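The model shown is predicted, which means the values in this text are computed figures rather than measured ones.
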Protein chains: 2
Amino acid sequence: MAATLADVAARAGVSTATVSRVLNGNYPVSAVTRERVHRALGELDYVVNGPARALAAATTEVIGVIVNDVSDPFFSIQASGTQWEAASADLLAVICNTAGSPSDELKYISMLLRQRVRGVVLTGGSREEPEHLRAITKLIGQALSAGTKVVMCGRPAPPDVDVPCVAFDNEGGARALTRHVLTMGHKRIAYVAGPAGNSTTTARLAGHGKALEEGEVETSVVVHGDFSRASGFDAAMELADSGVTAIIAGNDLMALGVIAALRQRGIRVPQDISVAGFDDLPAAVDVVPALTTVRLPLDQGARRAGRIASGVEVVTGPTKLWMPAELMVRESVAPPRRQTQ
Amino acid sequence: MAATLADVAARAGVSTATVSRVLNGNYPVSAVTRERVHRALGELDYVVNGPARALAAATTEVIGVIVNDVSDPFFSIQASGTQWEAASADLLAVICNTAGSPSDELKYISMLLRQRVRGVVLTGGSREEPEHLRAITKLIGQALSAGTKVVMCGRPAPPDVDVPCVAFDNEGGARALTRHVLTMGHKRIAYVAGPAGNSTTTARLAGHGKALEEGEVETSVVVHGDFSRASGFDAAMELADSGVTAIIAGNDLMALGVIAALRQRGIRVPQDISVAGFDDLPAAVDVVPALTTVRLPLDQGARRAGRIASGVEVVTGPTKLWMPAELMVRESVAPPRRQTQ
DNA sequence: ACGCTGATAGTAAGCGCTTTCTACGACAGG
DNA sequence: CCTGTCGTAGAAAGCGCTTACTATCAGCGT
C-alpha cells in the first residue's frame, strides 16, 4: 500500500541507496539528484518504514518510561519531563503503567527490550522483594549488554547493578520536614507512611526517624497507607482521636486525604492538628490551609533521566545524581495549642 | 550480541521456521520439538526482535496517543485510560505531548505513522486553523489507507474525515452548569473561557451561551484564558471588581486560579462571588470551598478510544460515541447576597 | 596520453523475522 | 503394495531499509 524506497527510487530514476542517502543526509548526493529524489518523495507521500529502518540500522527511535500510574501527578510530571527530553532528541516515548505490580513491571521491561528501545527510565518502584530484584537485575543486565540504556529515576538501582540513578533526596526532605514540625513545638506526632517495602517510603521514613531522634518527642506513631488519597483519609480517621497534634503524610495525596478526613470529623487544620505532606503537587497550594510540604525537582530529575536514556547525555560508572529537596513552609503546620496540660 | 532465531534454531537442532512457530503458536509443532525449542530459548535468553518481526509481519504492537500535556490531569487521566486498554491488548502506548502546538501535533503523527503503529488516539486539540486542519486531514488519510486506526477523543474529526470519535458532552455540561448558576439567582456572570478556536472551548462556550439565553441575565462577560491555572488567576484579578456575582471557568484548573486570586483579594467564595469549574479534577473536592463543576467520564472515554485504536473494538462508519456530562454540585456556587439594591 | 584521485551513484549483501511452498514419513484405504 | 492423507518440519523468498564495496566519470599532474 504505502510507497517504499524502491518506489521512490524508480520514480526518481535512481537507486534505493541514493534515496536512502538523501533521506539520511549522511553521504554526498549532487544537488540535482537530491532535488529529483525530493520531488519523488513528495509525489508519493513517502513515509519511512520505521521497523525496516530499525532492523537495518539496529537501533530504534524510541525510549521507554515505566511508572506506577501516569494519572498520578507524581508520575505524570516525571513522564512529561522525560517525554519532553526524548522529543527534543527526536525520539518517541512509550509510557507504561505498572500500577505498582512487580510482574507488570517485568512484563513491560521485556516488551520494551523486545522493541529494542534506545533506553528505559524506571521510576516509581514497587515492593523490592528479593525475587523481583533478581528478575529485574537480570533484565537490566540483558538490556545493558544489548546496548540499551537504563536509568533509575527516584529509585535505587538493584544491588550490584551499574546504572545511572537520579536520586531525589527523600530522606533529607523528610528529615527537614519533621524537624520543622518539631520546631513548631509538636511532641505527639503521627506519620502516615507509604506502602512498606517501597524504597521511597523507606527513605522518607528514615529521614522522619532521624529528625525524631534529634528532637524531643512524647509520642510517635507510624501507620502505613498506599500513597493514595483514600488511604490517607482512612488513616486520619483512625488517628483523629489518638491525641496527636500533627500528622505527617508520606506524600501530598495522602495529606489531602488526611485533611479531608479531619475536616469531616470537625477537626480544624492546623489549629487542632497540623498536617504536612510531601511532593508539593500543584494542588498543594489550593487546599485550605495551603499544604506545608517538601518539593522535589521531579521535572528536572525526570528530564535528566530522559536525556540519559536518550543518549544525549552520557554518564559513566555507577553515577548517582542527587536532586535536592526543598522544604515548602505554608499554612498547614502551626504550633500546637497548649492543650489540657 | 543478542541471540537470534537462528541461534536458537541451531541450538535446538531445528529450523528457524520451527522456532518461529513455537514462539507464535500458530502452527502445530510436536511436543518434543517444542520442548527442545523452549529449552534453547531459555538457555540463550532469547528476546524477540520487535522491529524484525514488525517488518516481516507488517504490523507492530504499539499504539500512539497524542495529548497536549500529560502532566495536566485532564490529559493524564485520558492517557492512563488509553494506555491501560492498550496493555490489555498486549500493546505498548507511546505518548506525545504537543503542548498545544499544531506543528508538534503533525510532527508526532508523522513519527507515529513512520513507526507503523496500529492506531492513534488524538485527544486535546489545538486551534483548529484551516491550514492545520488540511494538513491533519491528509495525515489521517495516509494513516487510514495504511491500515492505521485513528480515533478522536474529546475533539471533533476534521470535516469529511471518517473516523470514530469519542465525544464528551461539553456543550450539555456547560449548559447545565450555567443553568445551575442562574437558578441560584445570579444575574451578573463572567465566563473565563479556554483559548479561542479550541474545539472544547467552543463547545463549552456554546452551552454556556444557550443557558444564558434561556435565563434572565443582567450582565454577562466572556474573557479568554488558556486553560492554565495561572490564566484563571489573571482573569479573576481583572474580574474581581467588575461587579459580577459568579465566575464560571472553562475548566477546573482555571477555576482553581480564580479562587486563589479572589482569596488573595480578600473576596470570599462563594459568599461574595461564586465560582464554578469544569472537568471535576481530583483536586476539585480538596479546594475550599469544594468546587461545583461538571464531571466528564474522561477515563471511560479514553479507554473506549484505546480499545478502538488497539483494534479490540471495531466500529464502522463515522461513529460518534457520546459520553454524557454530569453536573457536580458542591459548595463553590451559592446564591448571591442581595447586595446594594 | 595515461593512470590517479575525488566526487557520485549503483550493486548487493544482509538485518532477524514470518510464511508459503515443498518434502518427508507414517499410516490407512483399496 | 501403491497411492492419497495427515501431521510435521525445512527451504527459501521476501518484508523495506542501510551500508560496505564497487563502478563510473571528470579533471589533473606529469
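- Contact annotation: B:Asn24 reaches the phosphate of C:dT18 (side-chain N/O to OP1 or OP2, under 4.0 Å).
- Only one option out of A:Arg118, A:Arg53, A:Arg116 pairs with A:Thr59 in a side chain to side chain donor-acceptor pair (under 3.5 Å); it is A:Arg118.
- Going from atom CG of A:Leu44 over to atom C1' of D:dG16 covers 15 Å, rounded to whole Å.
- Sequence order on DNA chain D of the closest nucleotides to A:Ala57 and B:Ala17 puts B:Ala17 first from the 5' end.
- Atom OH in B:Tyr46 sits roughly 3 Å away from atom P in C:dC17 (whole-Å rounding).
- Here the options are A:Leu112, A:Val62, A:Ile95, the test is side-chain contact (heavy atoms from CB on, under 4.5 Å), and the partner is B:Leu92; only A:Leu112 passes.
- Side-chain contact between B:Gln78 and B:Val67 is absent, with no heavy-atom pair separated by less than 4.5 Å.
- A straight line from OH of B:Tyr27 to P of D:dT8 spans 10 Å, rounded to a whole angstrom.
- With D:dT18, C:dG16, D:dA9 as the candidates, the nucleotide lying closest to the side chain of A:Leu55 is C:dG16.
- In this model, the phosphate group of D:dG10 is approached by a side-chain N or O of B:Ser15 to a distance below 4.0 Å at OP1 or OP2.
- At D:dG10, none of the side-chain N or O atoms of B:Thr16 fall inside 4.0 Å of OP1 or OP2 (strictly under the cut-off).
- Side-chain proximity of A:Thr33 to D:dA12, C:dC17, C:dA9: nearest is C:dA9.
- More than 12 non-hydrogen atoms from other residues, nucleotides or ligands lie less than 6.0 angstrom from CD of B:Glu43.
- Atoms CZ (A:Arg114) and C1' (C:dG16) sit 14 Å apart, rounded to a whole Å.
- In this structure, A:Ala6 and B:Val14 both approach DNA chain D, and ranking their closest nucleotides by distance from the 5' end singles out B:Val14.
- A close approach under 4.0 Å does occur between a side-chain nitrogen or oxygen of A:Ser30 and OP1 or OP2 of C:dA9.
- What separates CG of B:Leu113 from P of D:dG16 is a distance of 16 Å, to the nearest Å.
- Checking C:dG10, D:dT18, C:dC17 against the side-chain heavy atoms of A:Ala56 singles out D:dT18 as nearest.
- Side-chain N/O atoms of B:Arg21 and base N/O atoms of C:dT20 include a donor-acceptor pair closer than 3.5 Å.
- Checking the phosphate oxygens (OP1, OP2) of D:dT18, a side-chain nitrogen or oxygen of A:Ser20 falls inside 4.0 Å.
- A close approach under 4.0 Å does not occur between any side-chain nitrogen or oxygen of B:Asn49 and OP1 or OP2 of C:dC15.
- What separates CD of A:Glu61 from P of D:dC17 is a distance of 13 Å, to the nearest Å.
- Taking atom CZ on B:Arg53 and atom C1' on C:dG16, their separation rounds to 11 Å, with Å as the unit.
- For the residue pair B:Thr98 / B:Ser101, no side-chain donor-acceptor distance below 3.5 Å is found, with atom types taken as modelled.
- Nucleotide D:dT8 holds its P atom 16 Å from the CD atom of B:Glu35, rounded to whole Å.
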